[in-house]
Each structure stands twice: as C-alpha cells, then as structure tokens.
Amino acid sequence: FSVAASGTMLSYQWLRDGAPVAGATSSSHTLATTTLEDRGSKWRVQVSNSAGTVTSNEAVLTVSGIRLLAGAPGSYGTSDGKGAQARFHEPFGVAVDASGNVFAADFYNQTIRKISPAGEVSTYAGAAELYGRVDGTLNNARFTYPTGVAFDKSGNLYVADSAYRLIRKITPEGVVSTLMQLPKGTSVDGQSSGMFQPSGIALDRSNNIYVTNGVGTRRIAPDMTYSI
C-alpha cells in the first residue's frame with residue numbers, strides 16, 4: 001500500500017480494520033507475507049502534521065494465487081483443524097457454497113469435510129472411518145467411500161456415495177437422506193458396466209443430476225427418473 005500526501009512534517013500511521021499497525025509509520029506499507037486470513041482486511045492510513053489529521057479512503061486487501069488451503073502434502077489422517085494442521089485421506093470431489101466454504105468428499109475417511117475461507121477444517125457429515133449407509137443429521141449419518149459433491153441453487157449438497165451406488169442429499173439444515181440407489185445397467189456405448197459406482201456428480205439449472213463412473217454418464221431428473 002502507498003499514499004501520496006502534500007504538506008510539511010508529515011507523519012503516517014497505517015490502520016488495519018481500524019486498529020493501528022505497529023511500526024507501519026511511513027508513506028507506504030508492505031506485508032512481508034500474506035495468508036487467507038488477510039483476505040478482505042480493510043486498510044487506511046492517517047496522515048498528520050501540525051495542521052491536523054486526515055484519514056485515507058479504505059482499501060480492501062485481495063489475496064490471490066494458488067496456495068495450500070488445508071492439509072499437508074504426504075500426510076493423511078482424520079484430524080480437523082486449521083490449514084496444515086488438518087488431515088485428509090484421499091479427498092476426491094469438491095464443491096463451494098455461496099459463502100465460499102469448500103466441501104470435500106474424503107474418500108477413505110468416509111466423511112464430508114468443510115473448509116472455511118480462512119482454512120478451518122471440520123468434519124461436516126459422517127464420522128471418520130465409520131462406514132455405512134445410514135441417513136440422519138450430519139455426523140449421525142454414514143457414508144461408504146464418498147467421491148463427488150455438488151450444490152444445487154437452493155444450497156442442498158449432493159453426494160455420490162460410491163460403494164452402495166447411492167445418491168445422497170444434505171439439506172442446508174444438515175439432514176442427510178438417500179435419494180436413490182443407482183441400478184445396474186449399460187454404459188453409453190451399450191457395453192455392460194456391471195454395478196454403476198458413481199465417482200463424479202453435477203447438477204444443471206433445472207436440478208437434473210448427472211453422475212459418472214468414468215465409463216458412462218447417467219442423468220437423474222428431479223422426479224428421480226433415470227436415463228443413460
């Protein structure tokens with residue numbers, strides 16, 4: 001950040017979110033490092049001399065670029081926590097809600113994890129390393145090798161729960177239900193695909209659900225009719 005001011009015997013004090021920043025007393029201020037926590041912080045500078053004090057307009061810090069949001073390379077586990085303190089075990093699909101929270105299907109942990117914009121990781125649904133197909137509220141529900149996740153326009157989160165070929169739904173209120181079990185069938189090229197275990201999931205604007213297993217893609221209409 002930098003500011004241009006005219007006058008004599010000027011002094012400067014930079015403010016972050018309204019609070020003075022220690023040592024930030026020149027016409028420019030540089031952050032040595034930035035993290036996701038710095039994103040959205042509000043900066044102003046006060047310029048003073050014997051004639052009085054003026055405060056600059058507000059500038060909002062944007063943090064961009066690719067960086068590690070959560071977890072640690074080469075490490076796996078079930079721990080919740082902030083940033084690199086958290087652990088995952090083969091996270092597959094991810095989806096982002098309207099508030100910027102990231103949801104990940106944590107395949108071997110049998111859970112859906114939530115990562116806040118600040119990098120805080122929590123176990124959103126399911127329980128670590130507990131398998132099953134139980135519906136219920138968030139951590140009382142059970143998944144078995146979840147792979148894909150996707151949101152609809154109402155904020156419902158859909159999960160491709162691969163082992164039992166299930167499509168699960170998590171409402172904004174945290175209720176987990178099973179929408180359907182995918183039948184056996186044929187792939188799009190007419191060849192037998194045996195059990196259709198979903199890996200990816202997406203929704204269109206009409207709330208049609210699309211699931212794929214890497215061989216074929218199936219469409220599930222809002223009334224749960226199923227087509228290849």
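Being a predicted model, the structure only gives us computed values, none of them experimental.
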Quiz prompt | Residue that, paired with I112, satisfies side-chain contact (heavy atoms from CB on, under 4.5 Å) out of L138, N139, V149, D161 | solution = V149
Self-check item: Validation row: T178, Y164 side chains within 4.5 angstrom (heavy atoms)
Solution: no
Quiz item: Within a strict 4.5 Å, meaning less than it, do heavy atoms of the P73 and L68 side chains meet?
Solution: yes
Quiz item: Looking only at heavy atoms, which two atoms of V21 and Q13 are closest? And how far apart?
Solution: O-NE2, 3.0 Å
Quiz item: Are side-chain heavy atoms of D106 and P146 found at a separation under 4.5 Å?
Solution: no
Quiz item: What distance separates F143 CZ from F107 CZ, expressed to the nearest 0.5 Å?
Solution: 14.0 Å
Quiz prompt | Side-chain heavy atoms of V121 within contact of F88, under 4.5 Å | solution = yes
Quiz item: Does a side chain donor of either T225 or D223 reach within less than 3.5 Å of an acceptor in the other side chain?
Solution: yes
Practice problem: Among I167, L182, I209, V211, find the one that has a side-chain contact (heavy atoms from CB on, under 4.5 Å) with R218. | Solution: V211
Quiz item: Strictly by modelled atom types, are D80 and S122 linked by a side-chain donor-acceptor pair under 3.5 Å?
Solution: no
Quiz item: F151 and F103: aromatic ring centres closer than 6.0 Å?
Solution: yes
Practice problem: Compare every heavy atom of V47 with every heavy atom of A5, then report the nearest pair and how far apart it is. | Solution: CB-CG1, 4.0 Å
Quiz item: Atom CG in D152, atom CG in L157: separation rounded to 0.5 Å?
Solution: 9.0 Å
Quiz prompt | Path from V3 to V54 over hydrophobic side-chain contacts below 4.5 Å | solution = yes
Quiz item: Do Y124 and V159 belong together in a cluster built from hydrophobic side chains that touch within less than 4.5 Å?
Solution: yes
Self-check item: Residue pair N208 / A221: nearest heavy atoms and the distance that separates them
Solution: OD1-CA, 3.4 Å
Quiz item: Does W14 use its side chain to pair, donor to acceptor, with the backbone of S26 at less than 3.5 Å?
Solution: yes
Quiz item: Given the rule that I, L, V, M, F, W and Y join up when any side-chain heavy atoms are under 4.5 Å apart, are I170 and L203 in one cluster?
Solution: no
Quiz item: Does one hydrophobic cluster hold both L31 and Y12, with members joined at side-chain heavy-atom distances below 4.5 Å?
Solution: yes
Quiz item: Can you list every pair that meets salt bridge (Lys or Arg N to Asp or Glu O under 4.0 Å) and has a residue in residues 46-63, with sequence neighbours left out?
Solution: R44-E58
Practice problem: Verify, without hydrogens or angle tests, whether S162 (side chain) and Q197 (backbone) share a donor-acceptor contact under 3.5 angstrom. | Solution: no
Quiz item: At their closest point, which heavy atom of A141 faces which heavy atom of G136, and how far apart are they?
Solution: CB-N, 4.3 Å
Self-check item: Atom CE of M224 with >12 non-hydrogen neighbours under 6.0 angstrom
Solution: yes
Quiz prompt | Carboxylate-amine/guanidinium contact D38 R16, below 4.0 Å | solution = yes
Self-check item: Donor-acceptor under 3.5 Å (T144 side chain, G132 main chain)
Solution: yes
Exercise. Compare all side-chain heavy atoms of Y158 with those of N156 and state whether any distance is below 4.5 angstrom.
Key: yes
Quiz item: Does V45 share a hydrophobic cluster with W43, counting links as ILVMFWY side-chain heavy atoms below 4.5 Å and allowing steps through other members?
Solution: yes
Quiz item: Do R168 and D135 have side-chain heavy atoms sitting under 4.5 Å apart?
Solution: yes
Quiz item: Do R113 and T123 have side-chain heavy atoms sitting under 4.5 Å apart?
Solution: yes
Quiz item: Quick one: does T147's side chain have a donor or acceptor within less than 3.5 Å of a partner on P198's backbone?
Solution: yes
Quiz item: Quick check, are the ring centers of Y131 and Y145 under 6.0 angstrom apart?
Solution: yes
Quiz item: Between D17 and S41, is any side-chain donor less than 3.5 angstrom from a side-chain acceptor?
Solution: no
Exercise. Can you sort out the partners of S48 under side chain to side chain donor-acceptor pair (under 3.5 Å), two or more places apart, ordered by chain and number?
Key: T53
Quiz prompt | Contact check, side chains of V176 and K169, non-hydrogen atoms, under 4.5 Å | solution = no
Quiz item: Who are the salt bridge (charged side-chain N to carboxylate O under 4.0 Å, His left out) partners of R87, not counting sequence neighbours?
Solution: none
Quiz prompt | Main-chain N/O of G18 paired to K42 side chain as donor or acceptor, under 3.5 Å | solution = no
Quiz item: Which pair of non-hydrogen atoms, one from A72 and one from A84, has the smallest distance, and what is that distance?
Solution: CB-O, 4.1 Å
Quiz item: About how many Å separate CD1 of I220 and CE of M180, when rounded to the nearest 0.5 Å?
Solution: 5.0 Å
Self-check item: For the student: nearest non-hydrogen atoms of A86 and G81, plus distance
Solution: CB-O, 3.9 Å
Practice problem: Drop me the distance from H89's NE2 to E129's CD, to the nearest 0.5 angstrom. | Solution: 8.5 Å
